[in-house]
Amino acid sequence: MRLKNVPGAREAIAASDLVIKEPQELKGKWREFWNNGNEIHIEVGMGKGKFMMGMAKAHPDINYIGIEMYSSVLYRAVQKLELEPLENLKFILLDAKDIAEVFDRGEVDRIYLNFSDPWPKDRHAKRRLPSRQFLARFDQILKADGVIEFKTDNKDLFAFAEEEVEPAGWKILDITYDLHNDEKMVQGNIMTEYEEKFSSMGNPIYKYIIRR
Ligand code: SAM
């Protein structure tokens, strides 16, 4: 998702308290930042923030951080959160390839990847968020028994993601090829923007939960 040239996006992000500026300075200090002893869950590639806002509302005892690389997209999330600020949700403008510069080893309790960009060309495989290259980055920030939850309607991307799990040193804890009809895995499911759009077209949603 890339919304080009949204006028004022960069300025609005720079002025918003909902976006953490210089997040690298908080590396190793995120627990102090929240100062409430609660877990820290992040979504990488948040888009316009629907999932993060839904999760933050449903789980006030968890701290959430939404990460998005494009200011034009993040701006939309900021606009939504400004209408309904949530104490336990902040945003970061960041390309997740640099995520280990922002979080220290074990500092993140859970990572969500939702409807990640498929990057269909083989030569772009390492840009896919469930790729082994990104799993290695997530390995550097996720606590020892932390999990990554990934969902998508893209069959090829999901097949690729499944194949990456073991070679990257992770294992599948749970998997479904039809999330919305999986009694167990659908519990507590909060739909993302893309999930609403693609499931309403009849696409099944695939999901895995992995850990090391
Ligand atoms: N998660 C949302 C959803 O399910 O509705 C948005 C899905 S959208 C297809 C993928 C989002 O991930 C885009 O907004 C894109 O800019 C962001 N993204 C892709 N690669 C990223 C990266 N390396 N770091 C941060 N965000 C990224």
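Counting begins at 1 with the first residue of the sequence. Counting starts at 1 for both ligands and their atoms, following the listed order.
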Atom 27 (C) of ligand 1: of K151, E195, M69, the nearest heavy atom sits on M69

Under 4.0 Å from one or more heavy atoms of T192, ligand 1 contributes atoms 3 (C), 4 (O), 5 (O)

(request) Could you tell me whether the side chain of Y194 reaches within less than 4.5 Å of the side chain of N203, counting heavy atoms only? (result) no

Are L94 and ligand 1 in contact, using a heavy-atom cut-off of under 4.0 Å? yes

(message) Angle between ring planes, F33 versus W30, binned at 30° and 60°: parallel, tilted or perpendicular?
(response) perpendicular

Quick one: does D95 get a heavy atom under 4.0 Å from ligand 1? yes

If we number the atoms of ligand 1 from 1 as shown, the ones under 4.0 Å from a heavy atom of Y70 are 16 (O)

The atoms of ligand 1 lying under 4.0 Å from a heavy atom of N114, numbered in the order shown, are 1 (N), 2 (C), 4 (O), 7 (C)

Parallel, tilted or perpendicular: rings of Y206 and F158 (30°, 60°)
parallel

Notebook entry, point to check: Do N38 and N88 come close enough that some side-chain heavy atom pair is under 4.5 Å?
Noted result: no

Looking at K97, K197, R128, E68, the heavy atom closest to atom 13 (C) of ligand 1 belongs to E68

If we number the atoms of ligand 1 from 1 as shown, the ones under 4.0 Å from a heavy atom of G47 are 6 (C), 14 (O)

So the atoms of ligand 1 within less than 4.0 Å of a heavy atom of E193 turn out to be 5 (O)

Partner of D174 under salt bridge (Lys or Arg N to Asp or Glu O under 4.0 Å), picked from K184, K207, K151, is K184

So the atoms of ligand 1 within less than 4.0 Å of a heavy atom of E43 turn out to be 1 (N)

task = Answer yes or no: is there a side-chain heavy-atom contact under 4.5 Å between I141 and I42?
result = yes

Check: Any chance the side chains of T192 and N114 put a donor and an acceptor closer than 3.5 Å?
Finding: no

_Looking at ligand 1, is there an atom of it that comes within less than 4.0 Å of some heavy atom belonging to M46?_
yes

In terms of the angle between their ring planes, are Y64 and H59 parallel, tilted or perpendicular, with boundaries placed at 30° and 60°? tilted

Q) Do you see a donor-acceptor pair shorter than 3.5 Å between the side chains of Q79 and R76? A) yes

Short version for F115: what comes under 4.0 Å of ligand 1, heavy atoms counted, is both

With heavy atoms and a 4.0 Å threshold, my read on which part of V44 contacts ligand 1 is neither

**Message:** Would L129 count as a polar contact of ligand 1, with the cut-off being nitrogen or oxygen pairs under 3.5 Å?
**Reply:** no

Looking at D117, I67, L93, the heavy atom closest to atom 19 (C) of ligand 1 belongs to D117

By salt bridge (Lys or Arg N to Asp or Glu O under 4.0 Å), E164 pairs with (sequence neighbours left out) R132

Any nitrogen or oxygen of F134 lying under 3.5 Å from a nitrogen or oxygen in ligand 1? Just yes or no. no

